[in-house]
S.K.: 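Please read through the structure below; I'll follow up with questions.
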Amino acid sequence: MISFLDLKAPYLELKQELDDAIARVASSGWFIGGPEVEEFEADYASYCSAAQCVGVANGLDALHLALRAMDVGPGDEVIVPSNTYIATWLAVSQCGATPVPVEPDACTYNIDPALIEAAITPRTKVILPVHLYGQPADMDPILAIARKHGLKVLEDGAQAHGARYKGQRLGAHGDAVAWSFYPGKNLGAMGDGGAVTTDDAQLAERIRVLRNYGSRVKYVNEVQGYNSRLDPLQAAILRVKLAHLDEWNARRSTIAARYQQGLADCGLSLPYVPGWSEPAWHLYVVQHPQRDALQKALTDAGVGTLIHYPIAPHRQQAYAQAGWTQGAFPLAERMADTVLSLPIGPHMHLDDAAQVVSRVTANA
Ligand SMILES: *Cc1c(COP(=O)(O)O)cnc(C)c1O
């Protein structure tokens, strides 16, 4: 039995360090904000080469509060990928703004920069690329379009901790990056967590105010804010895990290389990695025309797989009011029908990857 992802293994590898971190928070009596959160924010900003990091409660809030801090509101439009986890879209909708989908590049699965300009209107305020599956989006053309049209760029980095674009770690290529520390992400907490990194001190300050009831000074409320704080217990856990992120990403990369080589000739579409990309390999996603049959065969053979994602956001009931019909975004729809995520993670053994290769080649 090869599980899709082992969420207990990271704890077991770092048990002593994590137990110490948890005990330190428990005995400090500091359960909201404080030094653990500030230390993690400083560590993660430095890891990302960003000037600022603001911890928040989860990845969706990181996106939402960053958009709010960019003054996105009712009547505004935000350009999003047609194929992404629905959180990217929901953050836009939560601001009262409209997500405007743009189709992906068929090779990289990330938003196609060549299609962005046609989607820009006088109401567009932000371009929101997602570094899907841990592969960096092609940031330079996106930033050039944003500059030309006076738009902000918010990156959804929820799947791409540690990935590099043209040699530089993601963290502040655009105006800000939203991160999730959901347990299954490359940098995962033992519960919910999120953050925004940015080089813009004013933007960071606006998010700090928004995450704390719209307040800078206790009981003085400047704006109608939110309660969206990174828990010190999670911050302490994340500090421990951050020190291992590069090594864990390197292990993911070894698994991915094994798959790239072993699956090259079995008729699947494999991930395409442009020369400028150093992916974080959050997911290893293949495409197969008979995806459901392949998934069933792998399940029967004891190989856990998942589908990221089975329904494109524009086909979700949650967005039915927008009136998008079948065929509105064919690439996103085709991906929903054909993608399959194979097991990958920092604690997966290479022999298990070899097993997966032989099961996939036998059934593809
Ligand atoms: C996980 C994820 C989010 C949301 O993060 P949460 O912490 O679960 O709120 C947003 N965008 C993408 C692409 C994600 O994968």
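Atoms within a ligand are numbered from 1 in the order they appear, just like the ligands themselves.
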S.K.: Looking only at protein heavy atoms, which one is nearest to atom 1 (C) of ligand 1, and what is the separation?
M.R.: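 Here the closest protein heavy atom is K185 NZ, 1.6 Å.
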S.K.: Has H131 got any heavy atom lying under 4.0 angstrom from an atom of ligand 1?
M.R.: no
S.K.: Which pairs with one or both residues in residues 209-234 pass ring pair (Phe, Tyr, Trp, His ring centres under 6.0 Å), sequence neighbours excluded?
M.R.: H64-Y226
S.K.: I'd like to check whether L132 has a polar contact with ligand 1, where a contact means an N/O of the residue lying under 3.5 Å from an N/O of the ligand.
M.R.: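 Among all N and O atoms of L132, none is under 3.5 Å from an N or O of ligand 1.
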S.K.: Should you measure from each heavy atom of G59, which atoms of ligand 1 turn up under 4.0 Å away?
M.R.: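 Those atoms are 5 (O), 6 (P), 7 (O), 9 (O).
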S.K.: May I ask you to say whether R239 pairs ionically with D43, meaning some side-chain N is under 4.0 Å from a carboxylate O?
M.R.: yes
S.K.: Taking atom types as modelled, is there a side-chain donor on H282 or N186 under 3.5 Å from an acceptor on the other?
M.R.: yes
S.K.: Only heavy atoms of A158, strictly under 4.0 Å: list the atoms of ligand 1 that pass.
M.R.: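 Reading through ligand 1 atom by atom, the close ones are 2 (C), 3 (C), 10 (C), 11 (N), 12 (C), 14 (C), 15 (O).
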S.K.: With heavy atoms of A87 as the reference, note each atom of ligand 1 found under 4.0 Å away.
M.R.: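 The atoms of ligand 1 under 4.0 Å from a heavy atom of A87 are 3 (C), 4 (C), 10 (C).
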S.K.: For atom 8 (O) of ligand 1, which protein heavy atom lies nearest, and how many Å away is it?
M.R.: Y182 CD1, 3.9 Å
S.K.: Tell me if the CD atom of Q202 is crowded by more than 12 foreign heavy atoms within 6.0 Å.
M.R.: no
S.K.: For the side chain to side chain contact (heavy atoms under 4.5 Å, CB included) test, which of T197, T198, L230, V177 pairs with C53?
M.R.: T197
S.K.: Using a 4.0 Å heavy-atom threshold (strictly under), name the region of D156 that reaches ligand 1: side chain, backbone, both or neither.
M.R.: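 It is the side chain that gets close, since no backbone atom is under 4.0 Å.
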S.K.: Would Y85 and H308 count as a close aromatic pair, with their ring centres under 6.0 Å?
M.R.: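 Centroid separation for Y85 and H308: 6.0 Å or greater.
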S.K.: When the ring centroid of F181 is compared with that of Y44, is the distance short of 6.0 Å?
M.R.: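 Ring centroids of F181 and Y44 are less than 6.0 Å from each other.
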S.K.: Show every ring pair (Phe, Tyr, Trp, His ring centres under 6.0 Å) that has at least one partner inside residues 88-116, sequence neighbours left out.
M.R.: W89-Y319, W89-W324, Y109-Y133
S.K.: Polar-atom distance check: Y85 versus ligand 1, any N or O pair below 3.5 Å?
M.R.: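 By distance alone, the answer is no.
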S.K.: Any atoms of ligand 1 less than 4.0 Å from a non-hydrogen atom of L60? List them with their elements.
M.R.: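 Going through ligand 1 atom by atom, the ones under 4.0 Å from L60 are 4 (C), 5 (O), 6 (P), 9 (O).
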S.K.: What do you reckon, does Q159 have a nitrogen or oxygen under 3.5 Å from a nitrogen or oxygen of ligand 1?
M.R.: yes
